[in-house]
Amino acid sequence: MLEIAGLGHRYADGHQAVEGVELHVARGELVSIVGPSGCGKSTLLRCVAGLQRPSEGRIAVGGRPVDGVPDDLAVVFQDYTRSLFPWLTVRDNVALPLRRRGLARAERRAQALAALAQVGLDGTAGKYPWQLSGGMQQRVALARALAYRPALLLMDEPFGSVDAQTREDLEDLLLSVRGGTDPGGRADDGGGGMTILLVTHDIDESVYVGDRVVVLTGAPGRVHSELRVELPAPRDQIVTRGLPEFVKLRAEVGRAVRRP
Ligand code: ADP
């Protein structure tokens, strides 16, 4: 689904943010990306999103080279206050990107309502984002991404601005929706569900939600190591985090992040 080869990016001021990044992500996989602050995680994600043209290397999504924002992509950023439009209702925020799908207005609204129900926000459609709590606003941002039914979902510290309890709820929500992306069912996703790339600075979170954790080195960011997470499903905040395998993995990731 996603192929990154020899990716490097140097900003105009000469700062090399990432270098020689190699990463292959299979359809339906959830890959967490961790690394020390400033190692180029967001730069990497922006390059995959087609928001920034890398100075070296190749990126392909679904076999097509990234040259601009790919069609089947959605992004959830950390700062929901800047990603939701305050003058649009919750429903209209969620429905807006569906114009790009060429759907009729009634269909856009129906799909938006189904996605809101999927994230447990029935009854908020007519409200404005600023009438909701931070956690609810981030759910709206997630609903907007889900309504679009992307083949690839990019998330940049998506739960970094909410309190600890809400963060756990949102992690579980992500796990519950990832397989069945489709409120309305989608014929052309090959049945493999969404592919997700999640950038986080939270080591426990990277292991808890991930099928695989990719650790980047300090600047310039390169792939330091990859760890496969084979924890039983469904994951549970109390049970999973108490498993010896979880404790071992988070220690390994922690060591890898701290190693220069
Ligand atoms: P991370 O997400 O891992 O914290 P970023 O990708 O945000 O890292 O940034 C990597 C490095 O690139 C940092 O040193 C940052 O200051 C630098 N950087 C990010 N954006 C720009 C930019 N637009 N121009 C110059 N340097 C940048």
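Every value quoted in this text rests on a predicted model; they were computed, and no experiment measured them. Note that ligands are numbered from 1 as they come in the structure, with each ligand's atoms numbered from 1 the same way.
- Among pairs with a residue in residues 32-57, those fulfilling salt bridge (Lys or Arg N to Asp or Glu O under 4.0 Å) read Arg53-Asp67, at least two apart in sequence or across chains.
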- Check step by step if side chain to side chain contact (heavy atoms under 4.5 Å, CB included) holds for Tyr208 and Leu231. CA-CA 8 Å; Tyr208 182 72; Leu231 294 167; over 6 Å; no

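- Between Met155 and Leu174, some side-chain heavy-atom pair lies under the 4.5 Å cut-off.
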Check ligand 1 against the protein and report each N/O to N/O distance under 3.5 Å, formatted as atom name, atom name, distance.
| residue | atom | partner | partner atom | Å |
| --- | --- | --- | --- | --- |
| ligand 1 | 2 (O) | Ser42 | N | 2.9 |
| ligand 1 | 2 (O) | Ser42 | OG | 2.9 |
| ligand 1 | 3 (O) | Cys39 | N | 3.1 |
| ligand 1 | 3 (O) | Gly40 | N | 3.0 |
| ligand 1 | 3 (O) | Lys41 | N | 2.9 |
| ligand 1 | 3 (O) | Lys41 | NZ | 3.0 |
| ligand 1 | 4 (O) | Gly38 | N | 2.8 |
| ligand 1 | 6 (O) | Ser42 | N | 3.4 |
| ligand 1 | 6 (O) | Thr43 | N | 2.9 |
| ligand 1 | 6 (O) | Thr43 | OG1 | 2.5 |
| ligand 1 | 8 (O) | Gly40 | N | 3.1 |
| ligand 1 | 14 (O) | His15 | NE2 | 3.1 |
| ligand 1 | 20 (N) | Tyr11 | OH | 3.4 |

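- Judged by a 6.0 Å distance limit and a 45° cone about the ring axis, Arg100 is not positioned over the six-membered ring of Tyr148.
- Taking the charged nitrogens against the carboxylate oxygens, Arg108 and Asp92 have no contact shorter than 4.0 Å, which rules out a salt bridge.
- With contacts defined as side-chain heavy-atom distances shorter than 4.5 Å, the pair Phe77/Arg82 does not qualify.
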